[in-house]
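In what follows, residues are counted from 1 in the order of the sequence shown.
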Amino acid sequence: MHHEQEIEELVVRRGALWLALSPLWLERDPRESDYARMIREIEASELTLQQLEWVYRLEMSPVMARNQLSMAGEWRAFDETELLTRLVRHNRKLGGWRKVSWSLFSGLTTMMSRPRFNELAMRVMVARGERPPGS
């Protein structure tokens, strides 16, 4: 029972945010509505930009980058249940040496989605009334 409760708490805490951020890894650029949903979920989760960066780099990218590198061809959306299952499985094991390892290799797993994440971070800053760097 403890295992199921742990999974449920992880999905409640992060599920909506993970699903909102998933368009960062689609083959098409996120739409304005995608960015708006991402910002709503980020604000609801009350994450700092640094915390958001770690969600992106450690919690999501190791799982999501596999889709971008697969030979499966085109994919336009995610099966949400399958996606949450894979993200929960990854995050349950994310500790100790795995966390260190993923943080060291996160440049590789974020390479393809980094420009989209940077755009999101700028939009979050604007939404929060902060001044983005270089503006």
Side-chain angles (χ1 to χ4, degrees):
M1 184 65 174
H2 177 64
H3 172 72
E4 282 125 23
Q5 183 179 358
E6 177 186 343
I7 291 171
E8 186 177 324
E9 288 173 6
L10 187 55
V11 170
V12 167
R13 190 174 79 240
R14 287 284 203 250
L17 179 64
W18 289 339
L19 292 175
L21 294 177
S22 66
L24 294 172
W25 287 272
L26 290 176
E27 74 176 1
R28 63 164 173 78
D29 284 333
R31 297 181 182 103
E32 288 301 317
S33 60
D34 294 326
Y35 280 119
R37 179 180 175 208
M38 289 180 216
I39 291 169
R40 278 192 311 273
E41 290 300 332
I42 291 164
E43 293 305 299
S45 67
E46 300 180 348
L47 293 175
T48 65
L49 283 176
Q50 184 177 13
Q51 291 168 324
L52 179 62
E53 172 78 23
W54 285 105
V55 168
Y56 166 70
R57 285 175 58 191
L58 297 179
E59 292 182 15
M60 294 190 73
S61 284
V63 173
M64 305 302 284
R66 291 182 192 133
N67 284 335
Q68 290 178 316
L69 300 174
S70 76
M71 301 301 275
E74 290 188 17
W75 42 278
R76 301 193 185 286
F78 296 102
D79 174 318
E80 290 185 353
T81 302
E82 174 64 24
L83 177 60
L84 287 174
T85 300
R86 289 180 24 231
L87 287 165
V88 165
R89 190 178 309 129
H90 166 74
N91 280 275
R92 286 191 62 245
K93 298 180 206 171
L94 190 60
W97 67 270
R98 287 179 194 258
K99 194 172 203 172
V100 171
S101 176
W102 282 121
S103 66
L104 290 173
F105 292 104
S106 65
L108 295 172
T109 62
T110 61
M111 188 177 357
M112 294 172 70
S113 60
R114 176 54 72 179
R116 294 171 179 180
F117 179 81
N118 290 346
E119 173 66 23
L120 173 62
M122 298 270 286
R123 289 173 182 241
V124 169
M125 291 181 78
V126 168
R128 291 178 175 175
E130 299 172 11
R131 189 176 190 144
S135 63

Trp18/Leu84 under side-chain contact (heavy atoms from CB on, under 4.5 Å): CA gap, chis, key distance, verdict: CA-CA 8 Å; Trp18 289 339; Leu84 287 174; 3.9 Å; yes

side-chain contact (heavy atoms from CB on, under 4.5 Å) assessment of Arg128 paired with Glu43: CA-CA 9 Å; Arg128 291 178 175 175; Glu43 293 305 299; 2.7 Å; yes

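For Thr109 against Trp25, the heavy-atom pair with the smallest separation is O-NE1, 4.5 Å. Between Arg116 and Tyr35, the closest heavy-atom pair is O-OH, 3.7 Å. Contact detail for Pro23 and Pro30: the closest heavy-atom pair is O-CG, 3.7 Å. Closest heavy-atom contact between Phe117 and Leu24: N-CD2, 4.0 Å. Taking every heavy atom of both residues into account, Leu17 and Ser45 meet most closely at CD2-OG, 4.3 Å.
Between the CD atom of Glu130 and the CG atom of Leu49 there is a distance of 6.0 Å, given to the nearest 0.5 Å. Rounding to the nearest 0.5 Å gives a distance of 6.5 Å between CG of Leu21 and CG of Leu120. Separating the CG atom in Leu58 from the CG atom in Leu94 is a distance of 6.0 Å, to the nearest 0.5 Å. Once rounded to the nearest 0.5 Å, the distance linking CG of Leu19 with CZ of Arg14 reads 13.0 Å. For the atom pair CD of Glu59 and CG of Leu87, the computed distance is 8.5 Å after rounding to the nearest 0.5 Å. Separation of atoms OG (Ser113) and CD (Glu119) is listed at 13.5 Å; rounding is to 0.5 Å.
Just one of Arg57, Glu53, Met64 meets the side-chain contact (heavy atoms from CB on, under 4.5 Å) condition when paired with Thr110; it is Arg57.
Note on Met122: it does not cluster hydrophobically with Val55, by side-chain heavy-atom contacts below 4.5 Å among ILVMFWY residues.
Ion pairing of Arg37 with Glu41 is absent here, as no side-chain N (NZ or NE/NH1/NH2) approaches a carboxylate O to less than 4.0 Å.
Not one N or O on the side chain of His90 forms a donor-acceptor pair closer than 3.5 Å with the backbone of Ser61. Remark: side-chain polar atoms of Asp34 are paired, donor with acceptor, to backbone N or O of Arg31 under 3.5 angstrom.
At most 12 non-hydrogen atoms from other residues, nucleotides or ligands lie less than 6.0 angstrom from CD of Glu80.
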